[in-house]
Undergrad: 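Quick one: the structure is below, questions incoming.
Please read all numbers here as calculations on a predicted model, not as lab measurements. Every chain is numbered from 1, with letters handed out A, B, ... down the list of sequences.
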Amino acid sequence: MPELPEVETIVRSLRDGTRHCGLNVIGQQVRAATVLWERTLENISPQIFQQKIAGQTVENIHRRGKFLVFTLNRDTMLVHLRMSGDLRVEAGFYPDGNTIALQPHDRLVLWFASGQRMAFNNPRKFGRVWLTDTPQEVLGVLGPEPLDETLTDQQFHAMLLAYKRMLKPLLMDQHFLAGMGNIYTDEALFRAKLHPRTISNTLTQPRSTLLLQEMRKVLKEGIQRNGASIDWVYRGGDFQNDFNVYGRAGEACPRCGTEIVRMLVGQRGTHICPNCQQK
DNA sequence: ATAAACGCCTGACGGC
DNA sequence: TGCCGTCAGGCGTTTA
């Protein structure tokens, strides 16, 4: 489901206590965990996971690429939502003490000492959770954050020059850059007037700089609008109303009026204005 | 080194 | 109504 802006929105809502029920997850102590689908856990068995996480307190929550990083007092829990994951925070029990029923496709639940719970819902079962005391083993392979202002135009240009790869799959490669997904990549390439199949090492410094600027702009706008809501999966954001090309095949380009085209690039549905974005 | 093909999964949607 | 193909915000592994 989510790309960088959606994950950032979820992280902030968990931190602010605005996720579904007004509970700030920071400071919550985990009383127990329920694992409803074993393979949700990437690096640990359900038994060890339950054993290790019980009693730990959530000290901080942040985002790295598309990962949610829960810093606990002993370990770190990493959550990747992949295509269809979501986190709900809600009451776990009725006033009479009975457990409130879980939702279809809930795969893992943390029960807090406060009586609230956090449920990892994941219809397509692609999402994964890690519990580790060495999170760098997972996060260390990620490329830089596009919104990190210490990433300079010169550095970004040098990164592009280091590969002879099609621009879109390269930008979406999490080892190259962390956080770009299918939608925001299409939107950034449209704004920068770049064809998704452009070979990375052919970009001039000015075009590379424009690309980085447009990526940052579109990501920031996405965050400001709380992400994009499409399909049945993610709710809450409204950036989908500002898409220029994604999901708009057959419609007129907002810039020049040419019909927007859908094509496949790197096995992913890709939307471009064939007039504005030429190789 | 690069890219395609495929696997992992469930659900929504459009066409017939 | 039901069935079928296609598509989906991701990513790892295998193959060419």
Undergrad: Taking CG from A:Leu170 and P from C:dC11, how many angstroms apart are they, rounded to a whole number?
TA: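 To the nearest whole Å, that distance equals 14 Å.
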Undergrad: When you check the phosphate oxygens OP1 and OP2 of C:dG10, does a side-chain N or O of A:His80 lie under 4.0 Å from one of them?
TA: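 Indeed not, no polar side-chain atom of A:His80 lies that close.
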Undergrad: Once you round it to whole Å, what is the distance between P of B:dC8 and CZ of A:Arg82?
TA: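 Rounding to the nearest Å, CZ of A:Arg82 and P of B:dC8 are 14 Å apart.
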Undergrad: CG of A:Asn182 versus P of C:dC11: gap in Å, rounded?
TA: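 Answer to the nearest Å: 11 Å.
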Undergrad: May I ask you to say what A:Arg262 touches in the nucleic acid, namely base, sugar-phosphate or nothing, with a heavy-atom cut-off under 4.0 Å?
TA: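 If one applies the 4.0 Å heavy-atom cut-off, A:Arg262 turns out to touch the sugar-phosphate alone, with no base involved.
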Undergrad: Is a donor-acceptor pair below 3.5 Å formed from side chain A:Arg124 to base C:dA8, judging by atom type as modelled?
TA: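 Yes, the side chain and the base share a sub-3.5 Å donor-acceptor pair.
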Undergrad: Grab the NE2-P distance between A:His175 and C:dG10 for me, whole Å please.
TA: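 Those two atoms, NE2 and P, are 14 Å apart.
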Undergrad: So what's C:dG10 paired with, Watson-Crick or G-U wobble, going by both distances under 3.5 Å?
TA: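 When the pairing criteria are applied, B:dC8 turns out to be the nucleotide that pairs with C:dG10.
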Undergrad: Measure from CG on A:Leu177 to C1' on C:dC11 and round the result to the nearest Å.
TA: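 Spelled out: CG on A:Leu177 to C1' on C:dC11 is 16 Å.
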Undergrad: Test A:Asp106 against every option in A:Thr34, A:Asn121, A:Asn122 by the side-chain hydrogen bond (donor to acceptor under 3.5 Å, both in side chains) rule and name the one that passes.
TA: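 The residue from A:Thr34, A:Asn121, A:Asn122 that satisfies side-chain hydrogen bond (donor to acceptor under 3.5 Å, both in side chains) with A:Asp106 turns out to be A:Asn121.
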Undergrad: Does B:dG11 have OP1 or OP2 sitting under 4.0 Å from an N or O in the side chain of A:His105?
TA: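 Yes.
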Undergrad: Using a 4.0 Å heavy-atom cut-off across all strands, classify A:Thr185 as base, sugar-phosphate, or nothing.
TA: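 No contact.
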Undergrad: Hey, does the side chain of A:Gln174 come within less than 4.0 Å of C:dC11's phosphate (OP1/OP2), counting only N and O?
TA: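 Yes, because at least one side-chain N or O of A:Gln174 sits under 4.0 Å from OP1 or OP2 of C:dC11.
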Undergrad: Whole angstrom is fine here: how far is it from CE in A:Met166 over to P in B:dA3?
TA: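 Answer to the nearest Å: 5 Å.
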Undergrad: In whole angstrom, give the distance that lies between atom CG of A:Asp242 and atom P of C:dG9.
TA: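 About 19 Å, once rounded to whole Å.
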Undergrad: Ignoring backbone atoms, test whether A:Arg268 places a side-chain nitrogen or oxygen under 4.0 Å from the OP1 or OP2 oxygen of C:dC11.
TA: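 No, A:Arg268 has no side-chain N/O under 4.0 Å of OP1/OP2 on C:dC11.
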Undergrad: When you compare C:dC7 with B:dA5, how far apart are their P atoms, in angstrom units rounded to a whole number?
TA: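 Per the computed distance, 14 Å lies between those P atoms.
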Undergrad: Separation of A:Met172 atom CE from C:dC11 atom P, in whole Å?
TA: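 One finds 7 Å between P of C:dC11 and CE of A:Met172, rounded.
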Undergrad: State which residue, out of A:Phe239, A:Phe190, A:Tyr246, fulfils the ring-ring contact (aromatic ring centres under 6.0 Å, His included) condition with A:Tyr184.
TA: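 Filter result, single survivor: A:Phe239.
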Undergrad: So how far is it from A:Asn244 CG to A:His271 NE2, rounded to the nearest 0.5 Å?
TA: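 Interatomic distance, A:Asn244 CG to A:His271 NE2, rounded to 0.5 Å: 13.0 Å.
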Undergrad: Is the ring centre of A:Phe126 under 5.5 Å from the base ring centre of C:dC11, and are the two planes under 30° apart, so that they stack?
TA: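 One would not call A:Phe126 stacked on the C:dC11 base.
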Undergrad: Which pairs, with at least one residue in residues 265-279 of chain A and sequence neighbours excluded, count as a salt bridge (Lys or Arg N to Asp or Glu O under 4.0 Å)?
TA: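 The answer is none; no pair qualifies.
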Undergrad: Is A:Tyr246 close enough to C:dG9 that one of its side-chain N or O atoms is under 4.0 Å from OP1 or OP2 there?
TA: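 The answer is yes; a side-chain N or O of A:Tyr246 sits under 4.0 Å from OP1 or OP2.
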Undergrad: Would you say A:Leu151 ends up clustered with A:Met180 if hydrophobic residues are merged whenever their side chains have heavy atoms under 4.5 Å apart, either directly or through other cluster members?
TA: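 Yes: a chain of side-chain contacts under 4.5 Å links A:Met180 to A:Leu151.
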Undergrad: Tell me whether the OP1 or OP2 atom of C:dC11 has a side-chain N or O from A:Lys66 closer than 4.0 Å.
TA: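 It does, given that an N or O in the side chain of A:Lys66 lies less than 4.0 Å from OP1 or OP2 of C:dC11.
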Undergrad: Could you check whether A:Gly266 gets within reach of a base, just the sugar-phosphate, or nothing at all, counting any heavy atom under 4.0 Å?
TA: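 A:Gly266: backbone/sugar contact only, no base atoms under 4.0 Å.
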Undergrad: P atom, B:dA1 versus C:dC11: distance in rounded Å?
TA: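 Here B:dA1 and C:dC11 have their P atoms 22 Å from each other.
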Undergrad: Compute the ring centroids of A:Trp111 and A:Phe93, then answer whether they are less than 6.0 Å apart.
TA: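 For A:Trp111 and A:Phe93, the ring centres are under 6.0 Å apart.
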